[in-house]
Amino acid sequence: MSGTAQPRSSQYSFGKASRLLTARDYSRVFDGAEARASHKHVLLLAKQNDQPGHRLGLVVAKKNVRLAVQRNRVKRLAREMFRQADAEPPFMDVVLLARRGIDQLDNAELSSILRGQWRKLARRVSEADTSESRGR
RNA sequence: CGAGUCGGUCAGACGAUCGCUUCGCCCCGGCCUUGGCUGCGGCGGGGAGGAAAGUCCGGGCUCCAUAGGGCAGGGUGCCAGGUAACGCCUGGGGGGCGCGAGCCUACGGAAAGUGCAACAGAAAGGAUACCGCCUGGCCGCUCACGCGGUCCGGUAAGGGUGAAAUGGUGCGGUAAGAGCGCACCGCGCGGCUGGCAACAGGCGCGGCGAUGGUAAACCCCACUCGGAGCAAGACCAAAUAGGAAUCCAUACGCUGCGGCCCGCAGUGGAUUCGGGUAGGUCGCUACAGGCAGGCGGCGACGCCUGUCGCAGAUGAAUGGUCGUCCACGACAGAACCCGGCUUAUCGACCGACUCACUUC
RNA sequence: CGGGGCGUAGCGCAGUCUGGUAGCGCACCACACUGGGGGUGUGGUGGUCGUAGGUUCAAAUCCUGCCGUCCCGA
C-alpha cells in the first residue's frame with residue numbers, strides 16, 4: 001500500500017477544496033443523498049457535485065464517541081482513507097457519520113472498514129449515474 | 001540492603017515516506033495606478049497537556065456609566081506575609097495522628113438575641129428527687145441492738161435513661177452529702193514577661209448553682225463582592241428597511257439593568273401578522289511569559305542583568321504507513337488568555353530526609 | 001464554548017427550604033368473592049435515597065468533591 005506510494009502530490013493532497021465547508025454544503029447532501037453505504041459503525045451519504053473532485057464532510061457526534069481524543073482519531077483515519085482513495089469521476093460530496101462503538105476499533109480495523117464502505121459507495125454512485133442516463 | 005516520607009523532572013526514541021495547518025522568502029499568474037489583495041507551486045521554520053479535563057474559585061479583556069450611593073443577597077473566617085487577585089501559596093500558632101521523617105485540620109463569636117434536641121429518662125437549660133442514702137416525728141414488731149411502714153425535711157456521692165445530666169481526681173469533712181474546705185488539673189478574671197500578631201509562659205484572685213451542645217440553624221462581628229460573558233464585542237456585505245393590526249402612553253412612563261430604591265444616560269413602547277439572516281474580516285495571541293546568572297528574604301516571592309520567540313485551527317490542523325530498538329508506551333486533545341484548586345493517570349529518573357537490620 | 005436543572009421501590013412522583021417516622025399511585029405476591037379469567041376487596045413484599053467524604057448525638061434533608069442524565073444560548 002503505502003510502501004508502493006508514489007509522490008503524485010496532486011492526487012494525494014487534501015486541502016480545503018476537498019472538504020465540505022459550510023452548513024449549506026452539508027444540508028445539500030443530507031437532503032438529496034443519491035447513494036448510501038451503511039455499516040455497523042459508520043454511515044456514508046453521497047451526492048454528485050459539479051466540482052473537479054470528491055469532497056468529504058465528517059460528522060462524529062459527541063453522543064456516539066465520548067472522548068475528544070477518539071473523535072479526532074476517527075476523523076484523521078477517515079481523511080487519510082479519503083486522501084488515498086481513487087479520484088475518478090463521477091465526483092461526489094460525501095458525508096461520513098460515525099456510529100456508536102466506532103472508537104472500540106483499532107486503526108487497522110477501522111481503515112479496512114472505511115476502504116470497503118468507500119468502494120461500495122463509489123460503485124452505487126456510478127450505478128445510479130448510468131441508470132439515470134439510461135432513464136433519460 | 002529493606003520499609004517509608006517529602007520535593008522535583010520526563011511523558012517512547014530514531015529513520016524513511018505520504019499528508020494537514022500556519023509563518024517567512026522566492027517563482028509564475030490575476031485584480032489593481034507606484035503598494036496592497038489574491039491563486040498555484042518550491043524551499044525553510046513552528047505546530048497540544050501535566051492535567052489541554054471538571055468549570056469549583058480568582059484576575060485580565062470586552063460591553064453595559066468612568067461601575068457611583070443605599071437596601072437586599074452571596075463569599076471568606078486562628079495570626080503574619082506573598083500576589084494582579086483568590087476560597088491559592090509561604091511561614092508561624094492551637095488541636096489531632098504517627099516510633100520518626102512528616103501528615104491532617106471550615107480553627108472568629110454560644111456571658112447580644114431567637115430557635116432546635118426524636119426516643120428514653122424523675123429531670124434536657126438559668127431543669128429535676130424515680131430508685132437509693134441520712135437526721136427526726138409517729139405507728140407496728142422486739143427484752144434489747146435493730147427491722148418494717150409512713151410523714152416533715154436534708155442530699156446529687158451511688159443506681160438507672162440518654163449523644164449529652166450542671167467541672168475531674170485524691171484527701172479531709174459530714175447524720176448522709178455537697179467546692180463545704182484543701183492540693184493538683186481544667187475553667188474564668190486581672191496584671192507581668194516574650195512575640196508585629198495568633199499565642200505561649202508564669203504570678204495573683206475567684207470556689208466554679210456561672211459561662212452545657214448546636215452558628216456546614218437563624219444570627220452577630222470583621223473583611224470582601226456591580227452585571228454579563230469571546231456565541232463578549234467591533235467592522236464589511238446583506239438585512240433589521242418599508243409595512244399591517246391591536247393595546248398602553250405623552251411621563252411618577254419605558255429602555256440600558258440581573259432583585260428593589262436612588263443616581264446616570266437615552267428615548268415612545270408591547271404583542272401579533274407578514275418578511276428576512278445565521279457569510280466574511282478582526283478580536284486571536286507578546287506576556288502578571290520561559291530559561292540562565294546575580295542580589296535581598298527562613299520561605300512563598302521580589303528586584304536587576306542577559307537571552308529566547310514558544311500552537312492559533314474555524315467542520316475545526318499536529319496524522320497515516322513501514323523499518324529498527326527498548327523499560328512495549330497510562331490518563332487523555334488547545335478553541336480569548338493567565339494564576340490556582342479538584343479529578344484521571346503506565347511507568348522511569350533525580351535530590352533531601354526518617355526508621356529497622358547487618359558490616360566496618 | 002458558556003449558562004442552568006434533575007438523580008428516592010420495577011415505573012412515574014412526594015418528602016429536602018424548616019435534620020429524628022422514608023410516603024403515594026401503578027406494578028408484584030397471598031387470600032376472599034367466581035366454575036375459571038377479568039374485576040373488586042383485604043393484607044403484604046420491595047428502597048446502599050446516584051457516589052465518596054465532612055458537620056451534627058442524629059443526614060434523603062446541611063456543606064464539599066466526583067459520576068450520570070436532561071435542558072437552554074448562534
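All values below were derived from every heavy atom in this structure, side-chain atoms included, with hydrogens, water molecules and symmetry-related copies excluded. Below, chain A is the first sequence line, B the second, and so on; all start at residue 1.
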What's the gap between [N] and [M] when it is taken at their [atom1] atoms, as a whole Å value?
N      : M      : atom1 : result
B:C337 : C:G2   : P     : 10 Å
B:G227 : C:G4   : P     : 13 Å
B:C223 : B:G87  : P     : 15 Å
B:G60  : B:C298 : C1'   : 33 Å

Decide, for B:C252, between syn and anti: a glycosidic angle within 90° of 0 counts as syn, anything else as anti.
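Because its glycosidic torsion lies within 90° of 0, B:C252 adopts the syn conformation.
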Syn or anti for B:C254, taking syn as within 90° of 0?
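It is anti.
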Any side-chain donor near an acceptor of the partner, A:Asn64 and A:Arg71, under 3.5 Å
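Their side chains do not contain a donor-acceptor pair, so the 3.5 Å distance test is not met.
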OP1 or OP2 of [N] sitting under 4.0 Å from any side-chain N/O of [X]?
X        : N      : value
A:Asn107 : B:G320 : yes
A:Arg79  : B:G315 : no
A:Arg66  : C:U69  : yes

Nearest-nucleotide pick for [X], side chain only, options being [options]:
X       : options                : answer
A:Glu80 : B:G333, B:A316, B:C18  : B:C18
A:Arg76 : B:U321, B:A334, B:U318 : B:U318
A:Val59 : B:G315, B:A334, B:G320 : B:G315

Checking base pairs now: Watson-Crick or wobble, both atom distances under 3.5 Å. What partners B:G329?
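Pair assignment: B:G329 / B:C326.
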Counting distance only, does the side-chain N/O of A:Arg100 pair as donor-acceptor with the main-chain N or O of A:Val65 below 3.5 Å?
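The answer is no, because no donor-acceptor pair under 3.5 Å joins these two groups.
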A:Arg83 CZ to B:G319 P, straight-line distance once rounded to whole Å:
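Between P of B:G319 and CZ of A:Arg83: 14 Å.
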